[in-house]
Structure formats: structure tokens, C-alpha cells
Amino acid sequence: MTFPSIEKLHAALNAGEISCTQLVEEALQRAEEKSELNIFVELFPGSARTKATEVDAKLQAGKAGPLAGVVMALKDNLCYAGHKVSASSNMLRGFEAQFSATVVEKLLAADAIILGRTGCDEFAMGSSNETSAYGPVKNPVNPALTPGGSSGGSAAAVAADICHASLGSDTGGSIRQPAAFTGIYGVKPTYGRVSRHGVIAYASSFDQVGPFAKCLEDLALITEVISGGDDYDTTCSDRDVPAMRPPAAERPLSFGYYREVIENDALDPAIRTHFNDTVAKLQAAGHNVKALDFPYLDALVPIYYILTTAEASSNLARYDGVHVGHRSKDFNDLESLYKMSRSEGFGKEVQRRILLGTFVLSAGYFDAFYGSAQKARRVVRDATLEHLQEVDVLIGPTTPHTAFPLGQTYTDPTVLYLEDIFTVQAPIAGIPAVSIPAGTHPNGLPFGLQIMAGPFDEPKLFEAACVLDQMS
Ligand code: GLN
């Protein structure tokens with residue numbers, strides 16, 4: 001039995017129509033039946049069953065948490081004590097987490113049940129799930145297509161109705177793009193809203209954990225549960241966590257969109273038409289919609305790839321085959337141990353990004369690349385925040401087109417980097433952004449609508465998302 005919302009799930013649990021133990025057995029069975037989608041790197045049947053028994057007892061005693069019985073999946077870059085985690089890399093194949101990420105602790109404390117870990121692009125670097133050492137996850141909507149990346153497995157686990165919800169991480173769009181490609185909801189909270197403790201780092205000033213869900217209410221509730229300060233992460237804000245669940249918006253809101261985005265040649269014409277219809281519907285419902293200019297669109301992807309690769313080259317330096325990670329058997333001195341271990345452990349895309357990051361940080365090039373990109377990041381953030389003074393939220397398509405086929409050959413890696421054109425603005429500016437299902441393309445595939453709000457304004461983000469959700 002599956003449920004469209006946590007509210008409905010809780011009604012069934014409270015009425016005794018189903019138990020957590022049954023929910024887990026059924027989810028394990030569905031995972032088995034859909035194994036050809038390659039969603040899970042590993043299922044955790046033992047700990048999932050134990051937790052289900054515990055939550056069933058708590059339900060009996062009336063002491064269950066807000067996510068009681070919610071069967072969830074974790075992206076394979078979130079640590080869960082006593083369970084393996086690998087960032088879908090050969091570098092960490094077989095590595096077992098010594099402690100749980102704060103987000104995992106919070107899910108368990110809220111009585112969610114964790115079913116397993118899902119495939120992702122290696123170290124969260126990718127847009128198609130194809131850099132995973134375990135092979136790509138397939139899109140449940142059409143298995144010949146990518147589910148998106150990097151959190152494609154966590155999106156697919158929900159879209160395939162195996163899990164009720166899941167967690168992913170988003171550095172440049174890794175939650176929102178897979179949500180759009182699989183027809184579900186996904187949010188990247190404000191930078192600093194959610195702890196990164198126990199999250200395998202890609203780019204520390206961008207990375208943020210967030211949920212995937214089948215409805216906006218569930219998405220907001222899970223975001224609320226995982227938010228809040230953490231002594232283990234000094235970049236995580238300890239400001240109060242507000243109620244995030246969307247109220248039915250009764251006031252007119254103001255929506256801004258960028259001309260450069262909607263008129264962009266890369267944008268699929270059917271998605272553009274749909275967006276223009278949405279604008280007309282908002283206006284007809286009494287909301288204010290404003291076209292804004294954003295001259296920095298073409299700079300976003302270069303800023304993102306300079307800064308994230310720089311941070312990645314530093315974060316991934318720890319995988320040296322000595323302290324952490326795969327150790328080559330073919331070495332004859334310390335230097336060859338490092339070289340061989342890193343060459344064998346990391347895939348091509350991760351190696352490319354480490355090299356690029358090392359280059360932009362190197363003496364002589366630092367100012368031209370890293371320094372300039374930092375300054376450009378500030379310009380983009382300032383411009384974005386200024387726009388968010390003018391309007392309540394910014395809206396636009398999540399991606400330029402619908403899910404593309406798996407197995408394409410790319411002679412130029414930057415072709416895939418351009419996939420991120422609409423999603424990187426939010427992490428560059430540090431603001432929250434959500435992708436909601438916008439509708440069905442004439443080609444039969446889902447696509448997403450993205451909403452961005454001011455820093456720490458998740459309540460308004462979800463309120464505006466609710467307005468749009470009720471229209472589609
Ligand atoms: N597709 C982007 C990249 O390859 C985003 C990845 C992410 O958000 N983790 O870096």
C-alpha cells in the first residue's frame with residue numbers, strides 16, 4: 001500500500017489499517033520488483049525492520065514522531081552509522097560510516113524509517129547519474145532516460161513509489177533537476193539551514209541537503225525536520241526553524257521572472273509556452289508578475305564550475321589511499337601510492353574536476369580565475385537579493401528541457417555543464433529553491449517549475465509554491 005501524503009499515511013497507521021512493519025516489507029518487495037531501475041546501491045533490510053518494530057510500539061503508546069512510518073531512502077553520500085556509504089565512487093567502495101549525519105539523526109529521531117542508499121553521480125558530480133561507479137539509475141518514467149543527477153537515485157526511489165520520500169544533496173541543482181526529470185517535488189534549502197555534518201563534501205560553500213517528496217506538504221515537513229543549528233557544523237545557522245508547511249495563500253503575491261531565461265534559445269518551446277500560460281494564470285488570479293532583467297545568466301555556469309571545482313580539489317585531497325579511501329596494490333614509493341590510488345579510485349569526471357580546481361587555485365592563475373569568480377559570485381548574490389526585495393519570489397523553468405537519453409557520448413564535457421544553467425543561481429546566491437511538477441510535455445515527459453525565495457525564507461518559498469501547485 002502506498003500513500004499520496006504523510007497525512008494520509010498517518011491516518012491509515014492510526015486507524016490500524018497498516019503497520020510500519022508491513023510498510024517496510026512492501027517497500028522492500030517493490031525495490032526488488034523494480035531492481036532493473038538500479039536505484040539502490042544497497043538496501044538496509046535489517047535496520048529498517050528494527051526501526052519499524054520500534055515505531056509500531058511508539059504508535060501504540062501514542063509517542064511516535066512527526067515522520068512516523070515514513071519509509072525513506074538516503075543518497076549514497078549521507079553517513080548512517082554502521083552502514084556503508086561510498087558517494088557512488090570506487091574510492092569509497094566498502095567504506096562504513098562511523099557516525100550518522102545530523103540529517104540522518106534527525107530523520108531517525110522523527111521516526112522515519114531508512115530503507116537503503118541510492119545511486120548518485122560520483123561525489124555528486126554530474127547531471128545524468130552516469131558518473132556513478134555502480135552504473136546509472138534509470139528514470140522510472142522511461143528507463144531509457146536519465147533520472148537526472150546527481151541525486152537521481154533518491155528521486156527515482158520516490159518517483160517509482162518504492163519509498164514515500166528521500167534525501168538528496170544539491171550543490172548546483174542535484175535535487176531540483178532530478179525532481180523535474182522524474183515528475184516529483186524537491187527542494188534545496190537556504191545555505192546554512194541544514195547541517196552538512198556527515199555529508200560527504202563536494203563543494204562546501206554550496207552543498208546543501210534537502211528532501212524529495214510526492215507532495216509539497218510532505219516536502220515542507222521533512223525540510224522542517226532536518227533544519228536547524230548544529231554544533232558539528234559552524235556554517236549551519238542556529239536561528240529558529242519556522243513552520244514551513246504551506247498555508248493556502250490568501251494574499252496576492254508578487255512573482256518575478258527573468259527575460260533572459262524565458263527568451264533563452266536553449267529553452268524548449270513547449271516549456272516556454274507552458275511558462276507563459278502560468279504567468280497569465282497568476283495574473284488572472286490577482287497576483288503580480290514582473291519581468292526582470294538578469295544580465296549575468298551566461299556567467300553563472302562558469303562561476304559555478306570554477307568555485308565548486310576549487311572547493312572539490314581541496315575536499316577530495318583527503319582521499320590519498322593512506323588515511324582514507326582505496327589503496328592501490330601497485331606502488332613502489334609514497335608518491336606512486338598517492339598517484340596510483342587516486343587514479344584507480346576516482347572516475348574520469350572527478351579527476352577532471354580535481355585537475356580544473358587545482359588549476360584555478362594555482363599560483364599565477366588564482367586571481368584570474370578563483371579570485372574573479374568569487375567577486376562575480378558576490379555580484380550575482382547582490383543582484384539576486386535586490387530582485388528579491390522587489391518581488392516575493394523568482395520563478396522559471398527548472399531545466400531547459402525534459403529528461404534526455406542515457407548513454408549519449410559527449411566529446412565536450414561542458415555540454416553537460418550547461419544543463420545546470422537555471423539551477424546554479426540559487427546555490428551561488430545561497431538562497432532556497434524548490435522544483436515542483438509543472439505538467440506534462442507534449443513528448444509525454446514531466447518537467448519542473450522552479451521557485452526561488454530570499455535567504456531563510458522557506459515559509460514564503462513554500463507558500464508561493466503552493467499557489468503555483470494549485471494552478472497546475
Ligand atoms: N550537475 C551539477 C554538477 O555536475 C550539480 C551537481 C550537484 O548539485 N551535486 O556539478
Side-chain angles (χ1 to χ4, degrees), residues 74-78 87-89 118-132 136-137 146-155 166-182 186-189 191 194 196 199-212 266 300-313 315-316 346-357 360 373 377 398-401 403-404 408 410 412-435 448 450 452:
L74 298 178
K75 182 177 181 177
D76 186 26
N77 66 351
L78 302 172
S88 293
S89 176
T118 58
C120 58
D121 281 290
E122 186 179 5
F123 282 97
M125 299 176 186
S127 298
S128 66
N129 225 268
E130 291 169 295
T131 71
S132 167
V137 171
T146 175
S150 61
S151 316
S154 285
S166 61
L167 288 189
S169 68
D170 189 311
T171 306
S174 275
I175 293 176
R176 291 160 287 151
Q177 184 245 30
F181 280 5
T182 58
V187 64
K188 181 204 87 74
Y191 183 79
V194 177
R196 290 181 298 109
V199 182
I200 296 180
Y202 161 18
S204 307
S205 78
F206 290 74
D207 297 344
Q208 200 61 191
V209 173
F212 289 99
L300 295 179
V301 170
I303 294 170
Y304 172 80
Y305 278 93
I306 290 172
L307 296 179
T308 56
T309 55
E311 294 184 21
S313 73
N315 275 326
L316 273 61
F346 290 133
K348 283 282 166 275
E349 181 59 25
V350 173
Q351 291 186 22
R352 178 183 293 123
R353 295 196 190 197
I354 292 171
L355 290 172
L356 185 60
V360 300
R377 182 182 200 179
T398 308
T399 57
H401 45 73
F404 49 89
Q408 301 188 118
Y410 301 96
D412 177 358
T414 61
V415 170
L416 265 182
Y417 295 176
L418 287 169
E419 285 298 307
D420 306 323
I421 183 155
F422 302 148
T423 48
V424 290
Q425 184 182 357
I428 287 174
I431 59 173
V434 62
S435 179
Q450 175 173 245
M452 298 188 268

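Whatever order the structure lists ligands and atoms in, that order sets their numbers, starting from 1. The structure presented is a predicted model; accordingly, all values stated were derived computationally and were not measured.
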Using heavy atoms and a 4.0 Å limit, tell me yes or no: is Gly126 in contact with ligand 1? yes
Nearest protein heavy-atom contact for atom 1 (N) of ligand 1: which residue, which atom, what distance? Ser127 OG, 2.8 Å
Rounded to the nearest 0.5 Å, how far does CG of Asp76 lie from OG of Ser150? 11.0 Å
If I apply the N/O under 3.5 Å rule, does Gly173 come out as touching ligand 1? yes
Ligand 1 contacted by Gln177 (non-hydrogen, < 4.0 Å): no
Relative to ligand 1, is Arg353 under 4.0 angstrom through side chain, backbone, both or neither, heavy atoms considered? side chain
Any sub-3.5 Å donor-acceptor pair from Asn315's side-chain atoms to Tyr202's backbone N or O? yes
For atom 5 (C) of ligand 1, closest protein heavy-atom neighbour: Tyr304 OH, 3.4 Å
What atoms in ligand 1 come closer than 4.0 Å to a heavy atom of Gly172? 5 (C), 7 (C), 8 (O)
Check: Thr171 N/O within less than 3.5 Å of ligand 1 N/O: yes
Are any side-chain N or O atoms of Asp121 and backbone N or O atoms of Thr131, one a donor and one an acceptor, separated by less than 3.5 Å? yes
Minimum non-hydrogen distance to atom 7 (C) of ligand 1, winning option of Cys120, Ser174, Gly168: Ser174
Side-chain donor or acceptor of Gln351 paired with backbone N/O of Phe346 under 3.5 Å: yes
Ring pair (Phe, Tyr, Trp, His ring centres under 6.0 Å) for Phe206 and Tyr304? Distances and angles first, verdict last. CA-CA 9 Å; Phe206 290 74; Tyr304 172 80; 5.7 Å; yes
Can any side-chain N or O of Asn77 pair as donor or acceptor with the backbone N or O of Val199 at less than 3.5 Å? no
Numbered atoms and elements of ligand 1 in range of Tyr202, under 4.0 angstrom, heavy atoms: 9 (N), 10 (O)
Could you list the atoms of ligand 1 found under 4.0 angstrom from a heavy atom of Ala124? 6 (C), 7 (C), 9 (N)
What is the nearest protein non-hydrogen atom to atom 2 (C) of ligand 1, stated with its residue, atom name and distance? Asp420 OD2, 3.2 Å
Quick one: do Arg377 and Leu307 satisfy side-chain contact (heavy atoms from CB on, under 4.5 Å)? Show the steps, please. CA-CA 9 Å; Arg377 182 182 200 179; Leu307 296 179; 3.8 Å; yes
Run the numbers for me: atoms of ligand 1, each under 4.0 Å from some heavy atom of Tyr305, listed by number. 2 (C), 3 (C), 4 (O), 10 (O)
Begin from the C-alpha positions of Tyr305 and Asp420 and carry the test side-chain hydrogen bond (donor to acceptor under 3.5 Å, both in side chains) through to its verdict. CA-CA 10 Å; Tyr305 278 93; Asp420 306 323; 2.5 Å; yes
Check: Ile306 main-chain N/O paired with Thr309 side-chain donor or acceptor under 3.5 Å: yes
